[in-house]
**Student:** 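The structure that follows is given in the form of structure tokens.
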Amino acid sequence: MSTERPSVVTRFAPSPTGHLHIGGARTALFCWALAHGAGGSFLLRIEDTDQARSSEDSTRRILSDLAWLGIAWDQGPNFTDEAGRSLGGDPFGVAPFNQSERLSIYNEHMDRLLAAGDAYHAFETPEELDAQRKAALAEKKQYRYDRAALEILAEERAARAAGGEEHVIRFRVPDAGITVQDSVLGEVNIKPGEVDDFIIRKRDGFPTYHFAVVVDDELMGVTHVVRGQEHLANTPRHVALQKALGFRTPVYAHTPLIFNPDGSKMSKRDKDKAAREACKSKALSASPAASISDEELTTWVGDKRSQLSIEQLEDLAEHLHIGLPEINVEDFRAAGYLPEVVCNYLALLGWSPGDDIEKFDNAFLAERFSLSRIGKSNAKFDRNKLLAFNTDALADMSDEDFDRRWRAWCEAESPEIVGNLSEGQFSMLARALRPRVKTFLDAAENAAFSLIDAGAIEFDEKAVNKVLLKNDCAGLSTLAELRDALGALGSFDPESVQSGINAFAEEREFGLGKVAQPLRVAVTGSTVSPPIDLTLAVLGQDEVVARIERCLAHCESLQS
RNA sequence: GGCCCCGUCGUCUAGUCAGGUCUAGGACACCGCCCUUUCACGGCGAUAACGCGGGUUCGAAUCCCGCCGGGGUCACCA
């Protein structure tokens, strides 16, 4: 075990109370890039001091999402990613990385503060404090803890606490003003009296976030703290605590925030809203999803304040055939975005390398990243641009890579595709779809035509009319001839199909559209599909003939 | 409301620290044209911004002040 700590240590410290938010991912990415660009170390710490809300499942998901993004942590919980690479570990002997396992460490420093008179026991109940807060609000006064506990003699406070009386510990905030040096925002000055004596240890004996963060950052050798601007107001507290504890103050960098295009927060509520609107527009009377009762659905649709769980929303979305807005990293993963593209796009929100460079990978980011180039103003998340980047990345991929990665995605998200197609069919589909698809999910949706039985095709009546029935059923008779021509083909690979179609068109002096469109409608039900040669070749000769037969029969039944 | 932060095309941004080379550059979106067997891809082109008002200066997107606008935060959550 090396004792020499790196000169740059950054950390990402999520609380395992839910999913990895896309904004959190960007913070992690910046931390990672800063450390790696400087030859330092990136540390992952799990802030699970909220006993009620933390879960191991959440931790696991967060680790998995970070690994998927390619944001590898050098110190932290052990994890093996899908490629078999092992992440985490404790090369500098600073474990454990779960705050819930560090209670004795916190208490040791807590005691120092207590002994020095920089912290004190307080006995107000949450209800009492709440009442005080409300009273202050009613008088339009700013609420600050009134230090009532300090009226009690120090010995008595200690004795009551030692005697088992329920209490919290508060930090006695110095009366002086506090200056925060921020690498992004510059100097931020907080006047004396703005920060009140905040709680550093809760009734349950766990430290609050403020205390745990300060102790851990010191003990884990963290040199740079990069976090969202929502934490800016906390920083004076942390700086004051560091001073009282005799700790260094790390370099701070508060990044701008990420919002929806309309300026609202990107949150689970967006999913709620999208699903609720879909339900309303479909005027649902009964719940289509097993996880939601009819009553639950009715209440939820009618009351904007009520929320369903993410799992319920996803269940509902699946039945309604709608997409929910992506908020968490796993949403983007499920939606078929490439992790390197998500990172690239994220890096552009609030940071820029300059020189009109926009497309880059994480290695470039690490090399070029600097705190001074982080912007100050908040950004709006533009899915169009992300989508455009993803489309470009897919288009730049080799056929082999696309095939391999889309297959891996399908195995996780859309197993019926890999299950119902042969390897050869899948590869042909991949080749056909790659240039016209924006995400893996998009590809999966475009692959639908190849998965259903001939009997299950739903014909788009508009397409049938336009392509087959118009002009005295010209398209229909072409189709009948095509059935014979294609049925007679000796081999059915894309090249043979294409030359067969070309010959057919030439013979009749048709444009290719007059041939391809009737075929599209016949084999997919709609006018849209990949190039016709690949579309047909994926299906195979027998299936194509069967689908044409069925289409002819369908049209006949329409006419009689 | 108190405190704090921010303000360049619709959006992400370059340019601001060291004022002139900025008649403000790039990207995404939008619009138009071309390509085309559908849908896409692709190619070309166009529209589009320094929040407002005062200063300082020969000269301001860049410096100063005020205003307006947006955001964050005010938990025994993190």
Side-chain angles (χ1 to χ4, degrees), chain A residues 13-17 47-50 52-54 99 122 124-126 129-130 133 137 140-144 166-170 180 182 184-186 188-191 193-196 198-204 206 208-210 212-213 228-236 254 256-257 259 261 263 265 345 348-359 372-373 375-389 391-392 394-395 433-438 442 446 463 467 501 505 510-517 519-521 524 526-533 535:
Chain A
S15 63
T17 55
E47 310 222 322
D48 55 351
T49 54
D50 185 334
R53 294 198 303 153
S54 297
Q99 290 187 326
E124 293 85 355
T125 64
L129 293 172
D130 205 41
R133 233 173 253 122
L137 191 71
K140 296 193 172 176
K141 280 206 286 209
Q142 198 56 28
Y143 172 78
R144 302 253 151 66
E166 297 249 295
H167 66 275
V168 299
I169 296 178
R170 285 180 183 269
V180 175
D182 188 273
V184 173
L185 302 171
V188 179
N189 293 300
I190 279 69
K191 292 181 197 70
E194 284 298 328
V195 181
D196 71 354
F198 56 96
I199 292 172
I200 54 180
R201 189 167 75 188
K202 298 180 268 189
R203 188 162 287 253
D204 63 6
F206 277 66
T208 58
Y209 160 73
H210 304 295
V213 156
Q229 267 178 32
E230 76 268 19
H231 284 290
L232 183 58
N234 290 329
T235 308
H254 289 93
L257 272 15
F259 294 100
K265 280 187 191 177
Y345 178 70
L348 253 16
L349 257 28
W351 183 81
S352 139
D355 300 331
D356 292 339
I357 298 170
E358 282 204 312
K359 301 275 181 75
S372 62
R373 288 197 70 90
K376 296 180 177 185
S377 49
N378 297 337
K380 289 173 182 163
F381 195 94
D382 181 4
R383 283 196 180 69
N384 277 326
K385 187 153 178 170
L386 207 215
L387 214 44
F389 272 37
T391 308
D392 290 351
L394 255 21
L433 258 17
R434 185 170 69 89
R436 55 201 358 93
V437 119
K438 294 175 190 299
D442 196 15
N446 278 285
V467 176
I501 288 175
F510 281 176
L512 282 172
K514 283 203 170 169
V515 183
Q517 287 309 81
L519 282 170
R520 278 203 171 84
V521 174
T524 72
S526 85
T527 55
V528 179
S529 89
I532 200 66
D533 56 334
T535 302

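None of these values were measured; they are calculated from a predicted model. Just the heavy atoms: all of them, side chains too, but no hydrogens, waters or symmetry mates, feed the values below. The chains referred to below are lettered A, B, ... by the order of the sequence lines, with proteins before strands, and numbering in each begins at 1.
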**Student:** Between A/Thr17 and A/Ser54, does a side chain to side chain donor-acceptor pair (under 3.5 Å) hold up when you go through it step by step?
**Tutor:** CA-CA 5 Å; A/Thr17 55; A/Ser54 297; over 6 Å; no
**Student:** Does A/Thr524 reach the main-chain N or O of A/Arg520 with its side chain, forming a donor-acceptor pair under 3.5 Å?
**Tutor:**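 Answer holds: yes.
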**Student:** May I ask which nucleotide in the shown strands pairs with B/U73, Watson-Crick or G-U wobble, both distances under 3.5 Å?
**Tutor:**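 Checking every strand shown, B/U73 finds its partner in B/G2, with both distances under 3.5 Å.
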**Student:** On a whole-Å scale, what distance lies between the C1' atoms belonging to B/U21 and B/C67?
**Tutor:**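 The same atom, C1', in both gives a distance of 33 Å.
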**Student:** Applying the Watson-Crick and G-U wobble criteria at under 3.5 Å, what pairs with B/G32? Answer none if nothing qualifies.
**Tutor:**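 Pairing partner, where one exists within any strand: B/C44.
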**Student:** Could you work out the separation of B/A29 and B/U23 based on their C1' atoms and round it to a whole Å?
**Tutor:**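 B/A29 and B/U23 have their C1' atoms separated by 26 Å.
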**Student:** Using atom C1' in both nucleotides, what's the gap between B/U38 and B/A61 to the nearest angstrom?
**Tutor:**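 B/U38 and B/A61 have their C1' atoms separated by 48 Å.
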**Student:** Categorize A/Phe259 for me: base, sugar-phosphate, or nothing, with a 4.0 angstrom heavy-atom threshold over every strand shown.
**Tutor:**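 Counting heavy atoms under 4.0 Å across all strands, the contact made by A/Phe259 is with sugar-phosphate only.
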**Student:** Output one letter per nucleotide in nucleotides 31-48 of chain B: B when a protein non-hydrogen atom lies under 4.0 Å from the base, S when only the sugar-phosphate is that close, - when neither is.
**Tutor:** ------BBBBSS------
**Student:** Scan nucleotides 11-18 of chain B against the protein and return all N/O pairs shorter than 3.5 Å with their distances rounded to 0.1 Å.
**Tutor:**
unit_1, atom_1, unit_2, atom_2, d
B/C12, OP1, A/Lys380, N, 3.0
B/C12, O2', A/Leu348, O, 3.0
B/C12, O2, A/Lys385, NZ, 3.4
B/U13, OP1, A/Gly350, N, 2.6
B/A14, O3', A/Arg373, NH2, 3.3
B/G15, OP1, A/Arg373, NH1, 3.1
B/G15, OP1, A/Arg373, NH2, 3.3

**Student:** Could you work out, with ring-ring contact (aromatic ring centres under 6.0 Å, His included) as the rule, every residue matching A/Phe206, not counting sequence neighbours?
**Tutor:**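 None.
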**Student:** Taking the C1' atom in each of B/G71 and B/C28, what is the distance between them to the nearest angstrom?
**Tutor:**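 Between the two C1' atoms, the distance is 24 Å.
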**Student:** With a 4.0 Å limit, can you tell me whether A/Thr208 has a side-chain N or O closer than that to the phosphate oxygens OP1/OP2 of B/A78?
**Tutor:**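 No, outside the criterion.
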**Student:** What does A/Arg53 touch in the nucleic acid at a heavy-atom separation under 4.0 angstrom: a base, only the sugar-phosphate, or nothing?
**Tutor:**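 The residue A/Arg53 makes base contact.
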**Student:** Say you pick atom P in B/A48 and the same atom in B/G25; how far apart are they, in whole Å?
**Tutor:**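 Approximately 12 Å lies between the P atom of B/A48 and that of B/G25.
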**Student:** Taking atom P in both B/A24 and B/A18, compute the distance separating them and give it to the nearest angstrom.
**Tutor:**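 Their P atoms lie roughly 25 Å apart.
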**Student:** Please classify the nucleic acid contact of A/Lys359 as base, sugar-phosphate, or nothing, using heavy-atom distances under 4.0 Å.
**Tutor:**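 Touches nothing.
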**Student:** Please tell me if the side chains of A/Leu394 and A/Val437 come closer than 4.5 Å, counting only heavy atoms from C-beta onward.
**Tutor:**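 Side chain of A/Leu394 against side chain of A/Val437, heavy atoms only: contact under 4.5 Å found.
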**Student:** Can you name the closest pair of heavy atoms from A/Ala505 and A/Leu512 and give their distance?
**Tutor:**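 Heavy atoms of A/Ala505 and A/Leu512 come nearest at CB-CD2, 4.1 Å.
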**Student:** Indicate, with a heavy-atom threshold strictly under 4.0 Å, whether A/Leu129 touches base, sugar-phosphate, or nothing.
**Tutor:**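 Here A/Leu129 touches the bases of the nucleic acid.
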**Student:** When we call it a touch if two heavy atoms are under 4.0 Å apart, what does A/Lys140 touch: a base, just sugar-phosphate, or nothing?
**Tutor:**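 It contacts nothing in the nucleic acid.
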**Student:** Which part of the nucleic acid, if any, lies within reach of A/Gln142 when heavy atoms closer than 4.0 Å are counted: base, sugar-phosphate only, or nothing?
**Tutor:**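 Contact class for A/Gln142: base.
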**Student:** Select base, sugar-phosphate, or nothing to describe what A/Val188 touches, counting heavy atoms under 4.0 Å on all strands.
**Tutor:**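 Answer is sugar-phosphate: A/Val188 comes under 4.0 Å of backbone atoms only.
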**Student:** Name the pairing partner of B/A61, where a pair is Watson-Crick or G-U wobble with both distances under 3.5 Å, or state none.
**Tutor:**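 Answer to the pairing question: none, since B/A61 forms no Watson-Crick or G-U pair.
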**Student:** Base, sugar-phosphate, or nothing: which does A/Asn234 touch, judged by heavy atoms less than 4.0 Å apart?
**Tutor:**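 Result for A/Asn234 = base.
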**Student:** On a whole-Å scale, what distance lies between the P atoms belonging to B/C17 and B/G51?
**Tutor:**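 Nearest-Å result for B/C17 against B/G51 at atom P: 16 Å.
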**Student:** Whole angstroms only, please: what is the NZ-C1' distance between A/Lys141 and B/G2?
**Tutor:**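 The answer, rounded to whole Å, is 14 Å.
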**Student:** To the nearest angstrom, how far is A/Ile199 atom CD1 from B/C74 atom C1'?
**Tutor:**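 These atoms are roughly 14 Å apart.
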**Student:** With syn defined as a glycosidic torsion within 90 degrees of 0 and anti otherwise, which applies to B/C33?
**Tutor:**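 You should classify B/C33 as anti.
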**Student:** Between B/C76 and A/Lys202, is there an OP1 or OP2 to side-chain N/O distance shorter than 4.0 Å?
**Tutor:**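 No, outside the criterion.
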**Student:** I'd like the P distance from B/A46 over to B/C6, given in whole Å.
**Tutor:**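 Result for the P pair: 37 Å, nearest Å.
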**Student:** Check A/Leu349 against A/Phe381 and note the closest heavy-atom contact, atom names and distance.
**Tutor:**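 Taking A/Leu349 first and A/Phe381 second, the nearest heavy atoms are CD2-CD1, 3.7 Å.
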**Student:** Nearest nucleotide by nearest heavy atom, which residue falls closer to the 5' end of RNA chain B, A/Arg144 or A/His231?
**Tutor:**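 By nearest-heavy-atom nucleotide position, the 5'-most residue is A/Arg144.
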**Student:** Minimum heavy-atom separation for A/Thr49 to A/Lys202, with atom names?
**Tutor:**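 Shortest heavy-atom separation between A/Thr49 and A/Lys202 comes out as O-NZ, 3.0 Å.
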**Student:** Answer with base, sugar-phosphate or nothing: what part of the nucleic acid does A/Thr49 contact at a heavy-atom distance below 4.0 Å?
**Tutor:**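 Sugar-phosphate contact only - A/Thr49 comes under 4.0 Å of backbone atoms but never of a base.
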**Student:** Show the nearest heavy-atom pair for residues A/Arg203 and A/Val168, with the distance to one decimal.
**Tutor:**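 Between these two residues, the closest heavy atoms are N-CG1, 3.8 Å.
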**Student:** If you look at every strand shown and take non-hydrogen atoms under 4.0 Å, does A/Glu166 touch a base, only sugar-phosphate, or nothing?
**Tutor:**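 No contact.
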**Student:** Taking A/Pro126's backbone N and O only, do any of them form a donor-acceptor pair with A/Asp130's side chain (distance below 3.5 Å, no angle check)?
**Tutor:**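 Side chain of A/Asp130 to backbone of A/Pro126, a donor-acceptor pair under 3.5 Å: no, none is there.
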**Student:** Only pairs with both distances under 3.5 Å count, Watson-Crick or wobble alike; so what is the partner of B/G66 in this structure?
**Tutor:**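 Looking at the geometry, B/G66 pairs with B/C52.
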